[in-house]
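Below is one structure; the comments refer to it alone.
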Amino acid sequence: MAAQKPTLPKGTRDFGPADVQKRKHILNAIEKVFKKYGFMPLETPTMENLSTLEGKYGEEGDKLLFRILDSGDYLKSLKEHNDKILSDESQDATFAPSVSGKLIDLDSKAATKFISEKGLRYDLTVPFARYVVMHRNEITFPFKRYQMQPVWRADRPQKGRYREFWQCDADVVGVVGSDSLLNELDLIQIYDEAFTKLGIINYEIRINNRKVLAGIAEVVKSIDVMNNIAVAIDKLDKIGEDGVRKELGEQGFSDEELNTLFGIITIKGENKEILNQLKDKLKSSHEGLKGIEELEFILTSNPKPNINLTLDFSLARGLSYYTGCIFEVTSNDGTLKSSIGGGGRYDNLTGIFGLPNVSGVGISFGLDRIYDVMEELKLFPAQLRATSTQVLFCHFDEATLLYCLPALKLLRDAGIAAEVFPDNKKLGKQLDYANALQIPFAAIAGETEMQQQVFTVKNLITGEQQTCTIQTLIGLVGQ
RNA sequence: GUGGUUUUAGCUCAGCUGGUUAGAGCGCCUGAUUGUGGUUCAGGAGGUCGUGGGUUCGAGCCCCAUAUUCCACCCCA
């Protein structure tokens, strides 16, 4: 049999030792900040019931869910259902017999619910909401949790877009009424601290409020058209004002309505100035004014005013559960234009699961995109290596190999990562290995060294070499 | 879901209008140097050209299908 070439599913990647080190570097930095702000870790299963996932991400999101085929005879219930319909001719269902009477025209969307009941998680927020509802009696509110796990989307891969990627989420849920905007302020600080720590200095947090979007829709036409407006103006910088006018015009917006819309979203100036003007324009919308008030509070109470917070009324964010402030973070340096983080307030996510009056707000870091940005900008510290080994023991034969072993243990006992070259190979090969893995020190043991109870220690970065005892070696490396 | 693009040695890529035995650089292996890597020199191994069909006397090159890469749209971290 011909050997088959191994392949990877579309949109997934392997991560070698060096990659994992870099990814952990990012995860560690973010986790540290999360903990500092009082968030505690949570992990949820890779798969959720489709009933949990479906309908939470809009029509588009449902299409991108990875569904898991039921185990066992997964066609059984579908067949039974089909037989039932075939035997009852009066019934006009999704499954219609074809002309031949043998083949059945299956609607794959309708068939899905018969053969699949589980799916891979699409984000971390919905599983979190599910968790909160299921464990409401054990949780002390406000509940602050962070979660760093992979999620899956059946998207077409492209720049910065993968089918399997990691999100790092921090969310706060509490009872409505005590839903302080201080949470939003904290989350903004978290973004700032984490990105600064990682060296992504030139980033931008764009901020908007769903209530403002609702207010705009109300003033322009009616609150029902909020989504239409949001989707259209989200493309403003891509297709321009004319493009947006055309798109909305086709949806039945009058010129007058569009003039009102552009009168609002083209307000220019300082954040404060924009809000003042907006207040005037949205004065007839209670909802809109509430949104402005929230934005105003966040902008004026921000304890670190030099954070790059930009008001952007064209920011919509697709996930349909947001109700208040929404954020999106992008890096201004590098070629990745899509967001490396995002989040917002969702006041009623748990309501769908039968737990009303719980408000939540959260943010997400996109590990893989942060990685891409940092790789491009060369922001990873040089000391991130493929191995943590500090010292490689090199030897020439059985006797010198055995001589290395007690010294190896002493180094490890002293907390220094060390290893001995396991095979009997030429010294050059052993140093090649150390070199390839960027191990900084080689401790060479030959006849002479063994007799004198020392090692020849070579610094592989500088090329310098000295003879020293094991204790001196520990001191040398340990510093 | 729509449109485009890529696939040839371990890696990055050449390969003319279809023509005999498919090339380069890097890497790898061996040696110069039987105890010194990252420099130098000499030699060597390694490819059924993504896969399956088709056209042709003849296909890496043309046609069809399929997978895959990357990119844009949609949407999103």
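The chains referred to below are lettered A, B, ... by the order of the sequence lines, with proteins before strands, and numbering in each begins at 1. A quick note: this is a predicted structure, and the numbers were derived from the prediction, not measured.
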Measure [atom1]/[X] against [atom2]/[N] and give the value in whole Å, please.
X       : N       : atom1 : atom2 : value
Y162(A) : rC71(B) : OH    : P     : 7 Å
R156(A) : rG3(B)  : CZ    : C1'   : 9 Å
R13(A)  : rC70(B) : CZ    : C1'   : 13 Å
F421(A) : rG37(B) : CZ    : P     : 14 Å
W152(A) : rA77(B) : CH2   : C1'   : 14 Å
Y122(A) : rA77(B) : OH    : P     : 7 Å
K425(A) : rG37(B) : NZ    : C1'   : 14 Å
F441(A) : rG37(B) : CZ    : C1'   : 15 Å

Remember a base hit wins even if backbone is also touched, and classify [X] as base, sugar-phosphate or nothing at under 4.0 Å, heavy atoms.
X       : answer
E449(A) : base
Y433(A) : nothing
K235(A) : sugar-phosphate
I340(A) : sugar-phosphate
Q465(A) : base
E447(A) : base
L8(A)   : nothing
G342(A) : sugar-phosphate
G343(A) : nothing
I370(A) : nothing
V231(A) : sugar-phosphate
T7(A)   : nothing
G61(A)  : nothing

Quiz item: rA77(B) base stacked by F165(A)? Criteria: ring centres under 5.5 Å, plane angle under 30°.
Solution: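 According to the criterion (under 5.5 Å, under 30°), yes, F165(A) stacks.
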Exercise. Output yes when a side-chain donor or acceptor of R153(A) lies under 3.5 Å from a complementary backbone atom of R163(A), and no otherwise.
Key: no
Quiz item: With distance as the sole test, does E376(A) use its side chain to make a donor-acceptor pair with the main-chain N or O of T335(A) at under 3.5 Å?
Solution: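 Pair found, side chain donor or acceptor close to backbone of T335(A).
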Using atom [atom1] in both nucleotides, what's the gap between [N] and [M] to the nearest angstrom?
N       : M       : atom1 : value
rC73(B) : rU7(B)  : C1'   : 24 Å
rC62(B) : rG37(B) : P     : 48 Å
rU17(B) : rG27(B) : C1'   : 36 Å
rG10(B) : rC29(B) : C1'   : 13 Å
rG18(B) : rC61(B) : P     : 11 Å
rC70(B) : rA9(B)  : C1'   : 22 Å
rA22(B) : rU48(B) : P     : 12 Å
rU69(B) : rG50(B) : P     : 16 Å

Self-check item: Closest-nucleotide ordering on RNA chain B, the 5'-leading residue of L427(A) and F365(A)
Solution: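 With F365(A) and L427(A) compared, the 5'-side residue is L427(A).
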Self-check item: First encountered from the 5' end of RNA chain B, between D155(A) and I444(A)
Solution: I444(A)
So does [X] get a side-chain nitrogen or oxygen closer than 4.0 Å to the phosphate oxygens (OP1/OP2) of [N]?
X       : N       : result
K10(A)  : rU68(B) : yes
K426(A) : rG31(B) : yes
Q158(A) : rC70(B) : no

Between [N] and [X], counting only base atoms on the nucleotide and side-chain atoms on the residue, is there a donor-acceptor pair under 3.5 Å?
X       : N       : value
Q438(A) : rG37(B) : no
K458(A) : rU36(B) : yes
R161(A) : rC71(B) : no
R153(A) : rC76(B) : no
N435(A) : rG37(B) : yes

Quiz item: In the strands shown, is rU66(B) matched to any nucleotide by a Watson-Crick or G-U wobble pair with both distances under 3.5 Å, and which?
Solution: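 Its partner is rG50(B).
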Quiz item: Would Y321(A) and N348(A) satisfy side-chain hydrogen bond (donor to acceptor under 3.5 Å, both in side chains), going step by step from the backbone distance to the final call?
Solution: CA-CA 8 Å; Y321(A) 46 69; N348(A) 205 21; over 6 Å; no
Polar contact flag, side-chain donor to acceptor under 3.5 angstrom, [X]-[Y]:
X       : Y       : value
Q147(A) : D169(A) : no
D423(A) : Y433(A) : no
D192(A) : Y203(A) : yes

Exercise. Pick out which of F165(A), W166(A), Y191(A), Y146(A) makes a ring-ring contact (aromatic ring centres under 6.0 Å, His included) with F365(A).
Key: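 Among the candidates, only Y191(A) passes.
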Practice problem: Find out whether I307(A) and I205(A) are in side-chain contact, i.e. whether some heavy atom of one side chain is under 4.5 Å from a heavy atom of the other. | Solution: yes
